[in-house]
Amino acid sequence: MKIRVYVSLKEGVLDPQGKAIGHALNSLGFQGLGEVRVNRVVDLDIPADDSSAAIAKGEAMARALLANEVIEDYSVEVVA
């Protein structure tokens with residue numbers, strides 16, 4: 001079963017990569033941008049019998065490795 005894990009910085013956490021992208025886009029002539037934030041998407045093909053088991057495994061993986069829960073939020077969805 002395929003799952004997708006979205007990882008993003010929590011509100012209020014500075015995003016230096018997003019800031020650098022925002023500055024670069026501004027220098028390329030893309031004016032008037034607001035805040036730019038960079039997120040990650042991790043697609044995984046995992047062994048699971050049903051959607052709830054797949055989501056539970058994805059959440060366990062996010063807590064163990066994929067997300068730093070101090071500064072990041074995550075969500076998991078089944079995609080196939």
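Quantities reported herein were computed from a predicted structural model and do not represent experimental measurements.
- The OH atom of Y74 sits 5.5 Å away from the CD atom of E59 when rounded to the nearest 0.5 Å.
- In the hydrophobic clustering of ILVMFWY residues, with side-chain heavy atoms under 4.5 Å counting as a link, V78 and Y6 come out apart.
- At a threshold of 4.5 Å between non-hydrogen side-chain atoms, the residues K10 and I71 do not count as touching.
- Rounding to the nearest 0.5 Å places CG of D73 at 9.0 Å from CG of L9.
- More than 12 heavy atoms of other shown residues, nucleotides or ligands fall within 6.0 angstrom of atom CD in E69.
- Atoms CD1 and CG, on I55 and D50 in that order, are 9.0 Å from each other to the nearest 0.5 Å.
- When the side-chain contact (heavy atoms from CB on, under 4.5 Å) test is applied to K19, the partners found at least two apart in sequence or on another chain are H23.
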Inset, instruction - Go through the steps for N26 and L33 under the test side chain to side chain contact (heavy atoms under 4.5 Å, CB included), then give the verdict. - result: CA-CA 8 Å; N26 189 48; L33 293 175; 5.7 Å; no
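- Among R40, R63, R37, the single residue meeting the salt bridge (charged side-chain N to carboxylate O under 4.0 Å, His left out) criterion with E72 is R40.
- One distance of note links CE of M1 with CD1 of I46; it measures 8.0 Å at 0.5 Å rounding.
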Legend entry - Worked check of side chain to side chain contact (heavy atoms under 4.5 Å, CB included) between V41 and V5: CA-CA 6 Å; V41 176; V5 180; over 6 Å; no
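- More than 12 heavy-atom neighbours from other residues, nucleotides or ligands sit within 6.0 angstrom of CG on L28.
- The shortest distance between side-chain heavy atoms of V7 and N39 does not fall below 4.5 Å.
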Inset, instruction - Give the C-alpha distance, both sets of side-chain angles, the deciding distance and a yes or no for side chain to side chain contact (heavy atoms under 4.5 Å, CB included) between D43 and R4. - result: CA-CA 5 Å; D43 289 329; R4 182 165 289 150; 2.5 Å; yes
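- Side chains of L44 and L66 form a contact here, defined as non-hydrogen atoms less than 4.5 Å apart.
- A 4.5 Å side-chain heavy-atom check between E77 and I3 finds every atom pair outside the cut-off.
- By the criterion of side-chain heavy atoms lying less than 4.5 angstrom apart, applied directly or through intervening Ile, Leu, Val, Met, Phe, Trp or Tyr residues, V38 is not grouped with L14; the two fall into different hydrophobic clusters.
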